[in-house]
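So the structure is just underneath, and the comments pick up after that.
Whatever order the structure lists them in is the order used to number ligands and atoms, beginning at 1.
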Amino acid sequence: MTRPSGVAVLGSTGSIGVSTLDVVSRHPGRFKVVALGAHSNLQRLREQCLVHKPRFAVLTDTTAAAQLKSDLAAAGLATQVLAGGAALSEIAAHPEVEYVMAAIVGAAGLASTLAAAAAGKRVLLANKEALVMSGPLLMQMVSSGGATLIPIDSEHNAIFQCLPVSPGTVTGTPGNRGVRRILLTASGGPFLRTPERDLVGVTPEQACAHPRWVMGRKISVDSATLMNKGLELIEACLLFAVPPSLVEIVVHPQSIVHSLVEYLDGSVLAQLGNPDMRTPIAHALGWPERLESGVESLNLIKVGRLDFEAPDPDRFPALRLARAAAEAGGTAPAVLNAANEIAVAAFLERRLAFTRIPAVIEEVMNAHPIVPVKALGDVLAADAWARQRATSVLTPFAGAVR
Ligand code: NAD
Ligand code: MG
């Protein structure tokens, strides 16, 4: 029997991280958890370490890491505990690790995702923000590092499943594949039917109560503003080497059809399934084979109907902003992403109204002189600039006596 493949789960304490460990646990002969990484959720990481006995555990919060170290030693575990952000990149590139689940939320996951790509790992990419920020750089690093990038985002995993794969290539294959259009489906989020005048007062609790998916708070807010779909539009263009004009967004409230690819001959291929992230996770872990994921069979009779409609650009301006960033390229997507991260955090802390999220992003984007991205420094500079600018847009009177 062959030796189990080493897996590192970065962002293990989050929604995707927990689903990944669930799928991995179903295949003990095939996978071995070598490393777990997270920010500060000591209790959950400790539990995960006790179950999976990884060789490494990382917490970027140093106080929590010190506590984890003493807890695991007291439990008699040989797990080596590391602290700080650089340790995430170290474990992402570790020789015993073959598969890296990149499931840290936001720009915080960029460095470790790049490290996994440069080290030639199979990168299971959930951390869409890393791709949106660094765009062609990450894709170049995947090919120069000999990595295999498989999308975890359910829509992109669906598109990947509907595209022909030529030997040796997975994503980012330009050329004539006969694709006419990519149809990216969107659930529409919790406010699909909320009148515009009521959106201003929505609370973080309402925004995070997604009708179909249980997810982390940041992506839940992104799904409510539809910025999640905007980021996914950029993600699709990068992963599959298509221009934004070829990607159409279709609202599909049931979240059963995860996306579609239309070919020149009129054929439209779709991937369907229950809305459960264990399906794309198992697909990416097993590819090109298929693995049991624990996901229930799709009961089409119970689902009954599949509806499709156009998104409303007036209530959801995030789509327009993201499409503009996708078309502009260069540092524009990094700026969009950074301004969005700041605005969403402010909304979650009740410092910003829901409807102001796209307004803040637009203000930052309008003030940004877009430059081409030649090196990582260009991305990091744009990210830092946009965060600062968004913060000052949020607090125009900071320092003033009010
Ligand atoms: P989550 O909030 O549930 O988990 C986030 C994880 O990232 C946690 O483990 C947390 O410890 C870690 N983290 C946060 N900040 C960090 C930092 N500064 N340094 C190191 N680690 C940090 O989020 P999630 O819903 O699991 O989403 C994770 C990623 O996957 C996001 O990029 C999201 O867009 C993407 N994604 C999620 C889903 C989903 O269904 N949840 C679907 C598609 C894509
Ligand atoms: Mg998605």
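Of all the heavy atoms in Lys374 and Leu137, the pair that sits closest is O-CD2, 4.0 Å.
For residues 90-102, the side chain to side chain donor-acceptor pair (under 3.5 Å) pairs, not counting sequence neighbours, are Arg55-Glu96.
Ion pairing between a basic and an acidic side chain is recognised when a charged N comes within 4.0 Å of a carboxylate O; Lys69 and Asp71 show no such pairing. In summary, Lys229 and Glu232 engage in a salt bridge, as defined by a charged side-chain N under 4.0 Å from a carboxylate O. Salt bridge status for Arg180 with Glu262: present, with a side-chain N to carboxylate O gap under 4.0 Å. Between Arg26 and Glu292 there is no salt bridge, since none of the side-chain N atoms of the basic residue sits less than 4.0 Å from a carboxylate O of the acidic one.
A tilted orientation is assigned to the rings of Trp287 and Phe160, their planes being inclined by 30° to 60°.
If you look at ligand 1, the protein residues with a non-hydrogen atom under 4.0 Å away are Gly11, Ser12, Thr13, Gly14, Ser15, Ile16, Ala38, His39, Thr60, Leu88, Ala103, Ile104, Val105, Ala108, Ala126, Asn127, Lys128, Glu129, Asp153, Met215, Gly216, Ile219, Met277.
In this structure, Arg217 has no salt bridge (Lys or Arg N to Asp or Glu O under 4.0 Å) partners at least two apart in sequence or on a different chain.
Using a 4.5 Å cut-off on side-chain heavy atoms (C-beta onward), Arg350 and Pro204 make contact.
Counting only protein atoms, the N, O or S atoms lying less than 2.8 Å from the Mg ion (ligand 2) are Asp153 OD1, Glu155 OE1, Glu232 OE2, ordered by chain and residue number.
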